Asks: 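Handing you this structure, nothing more for now.
Counting starts at 1 for both ligands and their atoms, in listed order. Because the structure is a prediction, the values reported are computed rather than measured.
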Amino acid sequence: MLPLTARSASALKGRVRVPGDKSISHRALMLGCLAVGETRVEGMLEGEDVLATAAAMRAFGARVERTGEGAWTIHGVGVGGLLEPEDVLDMGNSGTSTRLIMGLVASHPITAVFTGDASLRRRPMQRVIDPLGQMGASFVSRSGGRLPLTITGRAPATPITYTLPVASAQVKSAILLAGLNTPGITTVIEKEPTRDHSERMLKGFGADLWTETTPEGTAIHVRGEAELKPGRIVVPGDPSSAAFPVVAAAILPGSDVLVENVGINPTRAGLFTVLKEMGADLAYENEREVGGEPVADIRVRGSALKGIEVPPEIAPSMIDEYPILAVAAAFAEGTTIMRGIGELRVKESDRIAMMAAGLAACGVRVTEEPEGLIVEGTGGAPVPGGATVAAKLDHRIAMSFAVLGQHAKAPVTVDDASPINTSFPGFVALMTGLGAELAVVEEQK
Ligand code: S3P
């Protein structure tokens, strides 16, 4: 346990860069391993989740090397060339690594065993077991489709057309990755758009992938028995990490912060749209394209926020940002209503329950619904604070309360900040560099 205490700060000022995008980093490693030849990645996130993917890809026979800060070289084995790992794959806290790599294994004639930490072992895997099972893979899992889990792939697998029952980029990506080594055309239909990094990067690696608008939603087709060409990938800063300094600056009067080089792919940038609607003084500067992804520097100044009803349709484009949005809402004038977010209950923790409990402990008026969260804001005044909040192995819960404590009458302690390293190594140093008041509490023996 690594307790972290947050105290009231004055204005945040400065210019920072957040670590590379987690979703894009995972995909760069996986596709690099399926290409024949050398792929070079710059700006890779070196958080624990991505390191779990790197370790797994080595276990499948690829050469994956770190050559400098954020610089990685991958020598792939080719589509269809994954070897059977000799040991159990420990995916740590990472749902993305687990679900996407299950997709890779599904169309290879190999067996792999996955496990993870207590959080990952609680998360539902049935959502990938169903479609990958239809493609021919077989599974032995704990009850409810939970880890530890064994998958045996089938080659050749059967191409399927699958309509996503939940809006999930992880499920979509797992099927598309399985489709790469499957004869014929594999199709995923999504009713609501989810992050499209897999599609963009697959095209960049030369896969034959195309989309089509149908009455049921967007159909994404990939032609199997693909040959992927290696290349160079530049990973932009993670908007889901940028969200923390952005909201901290927005709630602290007098702040002026520039977060440089942030990915603003529309399937990821919902929080920034919602903050603007709440009255945040937030602007994209220097908009450009980096490695097939839109990027900008985000300028944010402290300003009065007002509560809004967040449209449920926007949820997939900010699914990981609801915890920090709930923190912004705690300082807004009036009520912020977040509905249609039942998926939050199956993330690294039950984020609806964790935010409701933590905010209430810090003196914020909050109502929990089965698929929603309603927060009454202070109108800009500091919240009471003065509580210790549980992180439950959830990096985004830990970082959200570290931000809440920046504008609280009494300190807010997060009981265990160690999960922050899964996605945002250097979070405490980056925030304190801007003027945030954060201190790791030495553990008492
Ligand atoms: C991710 C997709 C999202 C997100 C997760 C990363 C990805 O999950 O919550 O942090 O990289 O594809 P779902 O697609 O399951 O909603």
Asks: If you apply the rule side chain to side chain donor-acceptor pair (under 3.5 Å), what do you find for Gln134 with Asp130, and how did you get there?
Replies: CA-CA 6 Å; Gln134 288 178 22; Asp130 288 341; over 6 Å; no
Asks: Over 60° means perpendicular and under 30° means parallel, so tell me whether Phe331 and His407 are parallel, tilted or perpendicular.
Replies: tilted
Asks: If you measure every N or O of Glu348 against every N or O of ligand 1, does any of those distances drop under 3.5 Å?
Replies: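 By distance alone, the answer is no.
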Asks: Just to be sure I read this right, does ligand 1 sit under 4.0 Å from the backbone of Arg195, its side chain, both, or neither, counting only heavy atoms?
Replies: side chain
Asks: Looking at atom 14 (O) of ligand 1, what's its closest protein heavy atom, distance included?
Replies: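 Among all protein heavy atoms, the one nearest atom 14 (O) of ligand 1 is Ala169 N, 2.6 Å.
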Asks: Taking all non-hydrogen atoms of both residues into account, name the closest pair between Ala174 and Leu132 and its distance.
Replies: O-CD2, 4.0 Å
Asks: Do Ile374 and Glu369 come within less than 4.5 Å of each other through their side chains, counting heavy atoms only?
Replies: yes
Asks: With a cut-off of 4.0 Å, which atoms of ligand 1 are near a heavy atom of Lys347?
Replies: 3 (C), 4 (C), 8 (O), 9 (O), 13 (P), 15 (O), 16 (O)
Asks: Can you find a pair of side-chain heavy atoms, one from Pro19 and one from Glu46, that are under 4.5 Å apart?
Replies: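 No, their side chains stay 4.5 Å or more apart.
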Asks: Just going by heavy-atom distances, which of Glu321, His26, Gln170 is nearest to atom 5 (C) of ligand 1?
Replies: Gln170
Asks: Would Ser173 count as being in polar contact with ligand 1, using the rule that some N or O on each side must be under 3.5 angstrom apart?
Replies: no
Asks: Can you see whether Lys172 engages Thr194 through a side-chain donor-acceptor pair at a distance of less than 3.5 angstrom?
Replies: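 Thr194 and Lys172 do have a side-chain donor-acceptor pair below 3.5 Å.
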Asks: Any donor-acceptor pair under 3.5 Å linking the side-chain atoms of Ser23 with those of His197?
Replies: no
Asks: Consider every N or O of Ile319 and every N or O of ligand 1, then say whether any pair is closer than 3.5 Å.
Replies: no
Asks: With only distance considered, is Ser23 within less than 3.5 Å of ligand 1 through an N or O on each side?
Replies: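 N/O-N/O distance below 3.5 Å exists for this pair.
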Asks: Is a side-chain donor-acceptor pair under 3.5 Å present for Glu48 with Thr422?
Replies: no
Asks: Give the atoms of ligand 1, by number and element, whose distance to some non-hydrogen atom of Asp320 is under 4.0 Å.
Replies: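 Matching atoms, with element in brackets: 4 (C), 5 (C), 9 (O), 10 (O).
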Asks: For ligand 1, which is the ligand I care about here, please tell me if Ser168 has any N or O atom under 3.5 Å from one of the ligand's N or O atoms.
Replies: yes
Asks: N/O of Arg27 under 3.5 Å from N/O of ligand 1, yes or no?
Replies: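 Yes, since at least one N or O of Arg27 sits under 3.5 Å from an N or O of ligand 1.
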Asks: Below 3.5 angstrom, do we get any N/O pair linking Glu343 and ligand 1?
Replies: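 No.
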